[in-house]
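Please read the structure below before turning to the comments.
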Amino acid sequence: MAYDFDIEDIEEFHKRYTWGEGLSNESIYNSKQTLPVICYDLIDLDKTKYHFSQNCFDNKDIKSYFKAIKYISKHTLDELIEEDNHEFHFYKSEIKGNLRKVLRELHGEKSYNVIYPEIYHFALYTNKEALANRKLDIKSPRIYFLVGAHGMLYILFYDPYHEINP
């Protein structure tokens, strides 16, 4: 089977999301129906309290992260959201409160009028014995990501103590 793509088609398909760029509902819908591509263009490495360079991002979390990403990469977002019995706790995140605050910190936005695309989070694991607590170092880490065009998922934050959206 031969495909007839020109350079513009390929450039559009690989176009990366930038802060403030509008995404149509159709684009987000299509992204949720497509096997994802994990992107790290927007990852927080050092700008907010929820960056990936935190000392508490330990070996257990690293192993859990790659286990989750391996699983995610084999399923569409819609499949993950609709699973009845999944360990990753996929949920859409409302952009308010702590999440809105850290999104503004991450990309330096001062305006309250930014329209963000859909943002979801998933669990690396959940402590079943106690609620997450930073002071007691009890973790139930969550990973936040943005849904971009063409099935691209942009990893954003590492929330070890489940504080962004408790």
Side-chain angles (χ1 to χ4, degrees), residues 1 3 5-48 50-54 57-96 98-100 102-107 109 114-126 139-160 162-165:
M1 175 183 288
Y3 293 101
F5 292 113
D6 58 28
I7 194 70
E8 289 84 19
D9 293 332
I10 295 169
E11 286 173 352
E12 175 59 29
F13 187 76
H14 289 283
K15 183 180 176 201
R16 299 291 208 211
Y17 176 82
T18 55
W19 290 119
E21 174 186 333
L23 289 176
S24 69
N25 289 339
E26 179 183 16
S27 180
I28 291 173
Y29 173 81
N30 289 337
S31 286
K32 291 165 65 175
Q33 301 291 315
T34 305
L35 288 177
V37 174
I38 309 300
C39 300
Y40 293 95
D41 298 22
L42 305 176
I43 192 169
D44 181 7
L45 295 176
D46 61 4
K47 291 185 178 180
T48 75
Y50 303 104
H51 59 78
F52 275 82
S53 300
Q54 296 175 64
F57 192 54
D58 58 20
N59 198 38
K60 178 181 180 181
D61 292 356
I62 292 167
K63 287 179 181 180
S64 297
Y65 175 79
F66 284 105
K67 177 184 174 189
I69 291 298
K70 180 179 180 180
Y71 185 80
I72 291 165
S73 70
K74 296 177 184 179
H75 299 85
T76 69
L77 271 183
D78 276 350
E79 290 171 346
L80 294 166
I81 292 164
E82 292 178 14
E83 281 185 351
D84 287 334
N85 186 16
H86 61 79
E87 63 184 287
F88 297 116
H89 301 271
F90 265 83
Y91 294 107
K92 184 176 176 181
S93 301
E94 289 188 53
I95 301 173
K96 62 181 186 177
N98 291 337
L99 181 55
R100 181 181 294 276
V102 295
L103 284 168
R104 279 197 220 111
E105 286 177 37
L106 182 60
H107 66 87
E109 181 59 47
V114 172
I115 298 172
Y116 295 100
E118 291 186 5
I119 294 181
Y120 287 79
H121 66 275
F122 63 90
L124 295 185
Y125 53 87
T126 300
K139 296 192 309 185
S140 287
R142 302 300 189 253
I143 302 297
Y144 284 77
F145 64 93
L146 177 150
V147 179
H150 308 295
M152 294 183 181
L153 305 183
Y154 294 85
I155 304 298
L156 299 171
F157 303 114
Y158 164 64
D159 179 10
H162 202 341
E163 298 168 329
I164 293 177
N165 189 8

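The side-chain hydrogen bond (donor to acceptor under 3.5 Å, both in side chains) test applied to Q33 returns D78, not counting sequence neighbours. Residues satisfying the salt bridge (Lys or Arg N to Asp or Glu O under 4.0 Å) criterion with D44, sequence neighbours excluded, are absent altogether. The side-chain hydrogen bond (donor to acceptor under 3.5 Å, both in side chains) search around N30 returns none, not counting sequence neighbours. Qualifying ring-ring contact (aromatic ring centres under 6.0 Å, His included) partners for F52, counting only residues two or more places apart in sequence or in other chains: F57, Y158. Shown here are the side-chain contact (heavy atoms from CB on, under 4.5 Å) partners of N165, two or more places apart in sequence or in another chain: S93, H121, Y144.
In this structure, the side chain of T34 does not engage the main chain of H150 through any donor-acceptor pair within 3.5 Å. No side-chain donor-acceptor contact under 3.5 Å links D46 to the backbone of S53. Using modelled atom types, no side-chain atom of T76 and backbone atom of L35 make a donor-acceptor pair closer than 3.5 Å.
Counting heavy atoms from C-beta outward, Y50 and L99 have side chains that stay 4.5 Å or more apart. Looking only at side-chain heavy atoms (C-beta outward), K139 and D58 come within less than 4.5 Å of each other. I143 has its side chain out of reach of I69: every pair of non-hydrogen atoms, C-beta onward, lies at least 4.5 Å apart. Looking at heavy atoms from C-beta onward, L153 lies out of side-chain contact with Y120 at the 4.5 angstrom threshold. At least one side-chain heavy atom of L106 sits under 4.5 Å from a side-chain heavy atom of F157. Side chains of H51 and L45 form no contact here, defined as non-hydrogen atoms less than 4.5 Å apart. Using a 4.5 Å heavy-atom threshold, the side chains of H162 and R142 count as touching.
Aromatic rings from H75 and F90 are positioned such that their centres are separated by 6.0 Å or more.
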Problem - Evaluation steps, side-chain contact (heavy atoms from CB on, under 4.5 Å), between L80 and Y71 - result: CA-CA 9 Å; L80 294 166; Y71 185 80; 3.5 Å; yes
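Between atom OH of residue Y40 and atom CD1 of residue I155 there is a gap of 5.5 Å, rounded to the nearest 0.5 Å. Atom CG of residue L77 and atom CD of residue E82 lie 11.0 Å apart, to the nearest 0.5 angstrom. Here the CD1-CD1 distance, from I95 to I119, works out to 4.0 Å after rounding to the nearest 0.5 Å.
Considering every non-hydrogen atom in both L124 and D61, the closest pair reads CD1-O, 3.7 Å. Contact record, I72 with I38: CG2-CD1, 4.4 Å, taken as the closest heavy-atom pair. In terms of heavy-atom proximity, S31 sits nearest to A149 at OG-C, 3.4 Å.
For the side-chain contact (heavy atoms from CB on, under 4.5 Å) with L156, the lone residue among T48, V102, L103 that qualifies is L103.
Each salt bridge (Lys or Arg N to Asp or Glu O under 4.0 Å) pair with one or both residues in residues 25-34, not counting sequence neighbours, appears once here: K32-E118.
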